Protein chains: 2
Amino acid sequence: MTEFNLLFNALAITEEHLKEDIQRTGVVQTVPKNSFIVEQHKYIKWLALVISGKVRVWQENEDRQILLYYVHPIQTCVLSLSATFRDCKSIINAKTEEETTIIKIPVRYVSEWSFKYKSWNRFTTHSFIMSYEDLLHSYKNLAFNKIDKRLLDYLRSFAQKNNSQSIDLSHNQLAKELGTTREVVSKILKQYELSGIVKLKFKQIELL
Amino acid sequence: MTEFNLLFNALAITEEHLKEDIQRTGVVQTVPKNSFIVEQHKYIKWLALVISGKVRVWQENEDRQILLYYVHPIQTCVLSLSATFRDCKSIINAKTEEETTIIKIPVRYVSEWSFKYKSWNRFTTHSFIMSYEDLLHSYKNLAFNKIDKRLLDYLRSFAQKNNSQSIDLSHNQLAKELGTTREVVSKILKQYELSGIVKLKFKQIELL
DNA sequence: GTAAACCTGTACCTTTTGTTACAGGTCAGA
DNA sequence: TCTGACCTGTAACAAAAGGTACAGGTTTAC
């Protein structure tokens, strides 16, 4: 099955004209691990739809960074979506975490289609809503929870998403996801290990 | 000018059919100060468009709360917008801060129109984008800045929005906007007063 | 097989933020 | 004018989070 067909199926796209439009204007591209898809302060020219692989989206300061979300198949980075509706610079970074295949669509079509094709309208709207609610949850989490809880939450949701009880991340990586520092993560994890909640290995954390 | 016409002007709505639809299905309502427009965990049945007045939107925990944003004329609470696309319970609270006139639109029309009418599509999309970016800024702010800076930022943007150098809020109210406690706000403000950045009065802070 | 790069653990200290407790000020309404 | 509700200031303390420093483990690439 072609990448395009995968996309059409996943988004429940039935309109033949939309299919044609996407196939005519979209570009299939496979990018290696650790490539930037979107870079802070740069203009967004394409909407990237992830077909396979994984993309990490985050914000950064001088010395810290914080995860916003991951883009999995078949999703799009809602921020490039938003940029498509008014030409603007990116306020986030997005980088592949593994080899990733995307379909790139020039931004100017994205809003045009949202009025022209019902399924595209549904897709963009739905993406916005989901992303907004995700961000809202993150915001609430950040505002009200201490890092020990945020860390455990992160580990659990990571485990759930990957359908495995072990998390293959270094303390440093975890710190960056949560916007804190390595030492803090090490300390908390050690606490959790002493409480019998996790088991620590090299670059791996096992949830018990 | 009627409330409806105010709305049509502000949103640049030209389609006569859309105007008719809005007038037929919308309900103009003036609600007193401190009324709930949306309540956490309750179903959202209407999309409220603020015509005049001001609505505060926030999230809360057991003992804390944090401001999300204010809805001013002519805007809508993007969360009720998102709720309209899939029947769901509210995850936020919204309350009038002064007497407020709204136009309520039953949720089922909102998504329908976004495909039917170009200007409505533009309006909903635009609302989403703006709100998303606002929230993203808040998130970054919360993640990377200490409360003293967040407080000062808040005061300055408040002053700017109200076009006045004095902020008529108690320390307690400020604490709730920022998700912290009254004592912390008092201490920081006193620091700023000693540094000559603000002047403190009863229920009023003047930016110098 | 070895160096360089990265990972983990931990002790100690500092800064930031929150808590408790209390004293006194301001204001609106009875 | 008195009262109760709310506001402000502040000290002393506690908890949370971050920073510094260092010791030693693991992995990868040459």
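Keep in mind the model is a prediction, meaning the values are calculated, not measured. Reminder, nothing fancy here: chain letters follow the sequence lines and each chain counts from 1.
Among C:dC27, C:dT19, D:dG9, the nucleotide with an atom closest to any side-chain atom of B:Phe202 is C:dC27. Closest to the side chain of B:Val184, out of C:dG18, C:dC7, D:dG9, is C:dG18. When the nucleotides D:dG19, C:dT16, C:dG18 are ranked by their closest atom to the side chain of B:Ile147, C:dG18 comes out on top. Of the listed nucleotides (C:dT8, D:dG18, D:dA12), C:dT8 has the atom at the smallest distance from the side chain of A:His171. In the set C:dG9, C:dG18, D:dG9, C:dG18 carries the atom at the smallest distance from any side-chain atom of B:Arg64. Comparing C:dC12, D:dC7, D:dA17 by their nearest atom to the side chain of A:Lys187 picks out C:dC12.
Looking at A:Glu97 and A:Lys33, no side-chain N of the basic residue comes within less than 4.0 Å of a carboxylate O on the acidic one, giving no salt bridge. With respect to the salt-bridge test (charged N to carboxylate O, under 4.0 angstrom), the residues B:Arg156 and B:Asp153 do not qualify. At a threshold of 4.0 Å, the pair B:Glu206-B:Lys201 counts as salt-bridged, since one of the basic side-chain nitrogens sits closer than that to a carboxylate oxygen. By the 4.0 Å N-to-carboxylate-O rule, B:Glu39 lies too far from B:Lys95 to be salt-bridged with it.
In this structure, CG of A:Asp168 is placed 14 Å from C1' of C:dC7, rounded to the nearest angstrom. In this entry the distance linking CG of A:Leu174 with P of C:dC7 reads 11 Å, nearest Å. For the pair A:Gln204 CD and C:dT8 P, the computed distance is 11 Å after rounding to whole Å. Here D:dC22 presents its C1' atom at 12 Å from CD of A:Glu183, a figure rounded to the nearest Å. One atom, CG of B:Asn145, and another, C1' of C:dT17, lie 15 Å apart when rounded to the nearest Å. The distance between atom CG of A:Leu200 and atom C1' of C:dT10, rounded to the nearest whole Å, is 14 Å. With rounding to whole Å, A:Leu142 atom CG is found 13 Å from D:dA17 atom C1'. B:Ile188 has its CD1 atom 9 Å from the C1' atom of C:dT16, to the nearest Å.
Of the residues near DNA chain D, A:Thr180 and B:Asn172, the one whose nearest nucleotide (by heavy atom distance) lies more toward the 5' end is B:Asn172.
Put simply, B:Ser170 has a side-chain N or O that comes within less than 4.0 Å of OP1 or OP2 on D:dC7. Phosphate contact (OP1/OP2 of C:dT19, side-chain N/O of B:Arg182, threshold under 4.0 Å): absent. Taking 4.0 angstrom as the limit, A:Thr181 places none of its side-chain polar atoms (N or O) nearer than this to OP1 or OP2 of D:dA17.
Under the 3.5 Å distance criterion, with hydrogens and angles disregarded, no donor-acceptor pair is assigned to the side chains of A:Ser131 and A:Asp134. Remark: the B:Lys140 side chain and the A:Gln59 side chain contain no N/O donor-acceptor pair separated by less than 3.5 Å. For the residue pair B:Asp168 / B:Gln204, a side-chain donor-acceptor distance below 3.5 Å is found, with atom types taken as modelled.
Remark: A:Arg56 is positioned above the aromatic ring of A:Trp58, its terminal NZ or CZ atom under 6.0 angstrom from the ring centre and at most 45 degrees off the axis.
With hydrogens and angles ignored, no donor-acceptor pair closer than 3.5 Å exists between the side chain of A:Lys203 and the base of D:dG25.
Taking the screw axis at each terminus of the helix from C:dG1-D:dC30 to C:dA30-D:dT1 from five consecutive base pairs, the angle between the two is 40° to within rounding of 10 degrees.
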